[in-house]
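Contents: one structure, followed by commentary.
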Amino acid sequence: MTRVSPADQLSIALPKGRLEVRAVELLRSRGYDITVPDRQLVAEDTDGRVRVMLVKNSDLPTYVYHGIAGLGICGTDVIYESGYEFFRLLELPFGHTRMCLASRTDHDPEQDTGRLRVASKYTRFARDYFQERGIPCEIIKLAGSVELAPVLGLAPYIVDLVETGNTLIANNLHVVKELEEIKVVLIANPAYYKFHYKSIDALVDTLREGRA
């Protein structure tokens, strides 16, 4: 296949880590021959149709919002926390997980008086969830292992992503309630989509249906 012109090349931000691996596998399975060399953060497929850039998961919406990358692949949790609006083009068949409220297995809900105290990395999600339901809540932001909060007595509850639940079990915690299913989606900067919609729609069809 003839290399496309730089003006027709699509740029896609991928989150470094497990989602990056799955996203590259998906692209390769659909005919985009792309390899990201070790320690490099930018690469393109052999035909020059797509250019990928690897960014920190929480930074990905910022890169797409500011047009550094026209497209991005990330979880709906990251999008929500960013507060930015994007076109959501396609739900991808990997990376699904759950946003859950969890606590120690021996915590007695009858002890809850006044405002709930909840620790989370996902402070916007947690705050909005409880506020929309009229539940008074104090949200404590953590960036590290949220599971430690109930164990060490910082907060009786956490809001966090749960995939297998093994980490909760290992720390004597359990899911109190599943709050929302989190999905991985392909997003687009609205202005970028307006100028590249034909190429983007073709990419979406290819990812959905088969090889390019």
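Along the sequence shown, residues carry numbers from 1.
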Heavy-atom closest pair, residues [X] and [Y]:
X      : Y      : answer
Leu90  : Val204 : CD2-O, 4.1 Å
Val162 : Cys100 : CG2-CB, 3.8 Å
Val55  : Ala13  : CG2-CB, 4.4 Å
Leu142 : Ala119 : CD1-CB, 3.8 Å
Leu168 : His174 : CD1-C, 4.4 Å
Pro156 : Ser103 : O-CB, 3.2 Å

Does [Y] offer a backbone N or O that forms a donor-acceptor pair with the side chain of [X] under 3.5 Å?
X      : Y      : result
Arg30  : Thr206 : yes
Asp47  : Arg49  : no
Asn189 : Gly70  : no
Glu81  : Val78  : no
Asn171 : Leu173 : no

Pairing donors with acceptors under 3.5 angstrom, does anything connect the side chains of Arg124 and Ser82?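 Absent: no donor and acceptor within the cut-off.
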Would you say the side chain of [Y] lies within less than 4.5 Å of the side chain of [X], judging by non-hydrogen atoms?
X      : Y      : answer
Tyr80  : Ile182 : no
His107 : Asp112 : yes
Val64  : Tyr84  : no
Val151 : Asn172 : no
Arg51  : Met53  : yes
Gln9   : Val50  : no
Leu101 : Phe130 : yes
Leu14  : Leu19  : no

Cation-pi between Arg88 and Phe86: NZ/CZ under 6.0 Å from ring centre and within 45° of the ring axis?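 Because its charged atom misses either the 6.0 Å distance or the 45° angle limit, Arg88 does not stack over Phe86.
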Same apolar cluster: [X] and [Y], side chain cutoff 4.5 Å:
X      : Y      : answer
Val185 : Tyr63  : yes
Ile139 : Ile158 : no
Leu148 : Val176 : no
Val52  : Phe94  : yes
Val184 : Tyr32  : yes

Criterion side chain to side chain contact (heavy atoms under 4.5 Å, CB included) on Lys16 and Leu41, from CA distance to verdict: CA-CA 9 Å; Lys16 291 186 287 187; Leu41 301 177; 4.1 Å; yes
Within this structure, what is the [atom1]-[atom2] distance for the pair [X] and [Y], rounded to the nearest 0.5 Å?
X      : Y      : atom1 : atom2 : result
Thr97  : Asp77  : OG1   : CG    : 8.0 Å
Arg133 : Asp128 : CZ    : CG    : 10.0 Å
Leu54  : Arg39  : CG    : CZ    : 13.5 Å
Thr123 : Ile140 : OG1   : CD1   : 12.0 Å
His96  : Glu163 : NE2   : CD    : 11.0 Å
Ile73  : Leu60  : CD1   : CG    : 9.0 Å

Please say whether more than 12 non-hydrogen atoms of neighbouring residues, nucleotides or ligands are located less than 6.0 Å from [atom1] in [X].
X     : atom1 : value
Tyr65 : OH    : no
Arg98 : CZ    : yes
Glu91 : CD    : yes

Which residues satisfy the salt bridge (charged side-chain N to carboxylate O under 4.0 Å, His left out) test with Arg104, sequence neighbours excluded?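 Here the qualifying residues are Asp106.
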Walk me through whether Leu89 and Leu207 qualify under side chain to side chain contact (heavy atoms under 4.5 Å, CB included). CA-CA 11 Å; Leu89 305 176; Leu207 293 180; over 6 Å; no
Determine the sole option in Leu186, Val21, Leu92 for which the side-chain contact (heavy atoms from CB on, under 4.5 Å) test with Leu26 is passed.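 By the side-chain contact (heavy atoms from CB on, under 4.5 Å) criterion, Leu26 pairs with just one of Leu186, Val21, Leu92: Leu92.
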What verdict does the salt bridge (Lys or Arg N to Asp or Glu O under 4.0 Å) test give for Arg28 and Glu25, after you've listed the backbone C-alpha separation in whole Å, the side-chain angles of each residue and the deciding distance to 0.1 Å? CA-CA 5 Å; Arg28 290 180 63 86; Glu25 287 175 350; over 6 Å; no
Atom pairs and distances, donor-acceptor, side-chain atoms in residues 192-200, under 3.5 Å, two or more places apart:
{"residue": "Tyr192", "atom": "OH", "partner": "Ser11", "partner atom": "N", "Å": "3.1"}
{"residue": "Tyr193", "atom": "OH", "partner": "Asp201", "partner atom": "OD1", "Å": "2.7"}
{"residue": "Tyr193", "atom": "OH", "partner": "Asp201", "partner atom": "OD2", "Å": "3.3"}

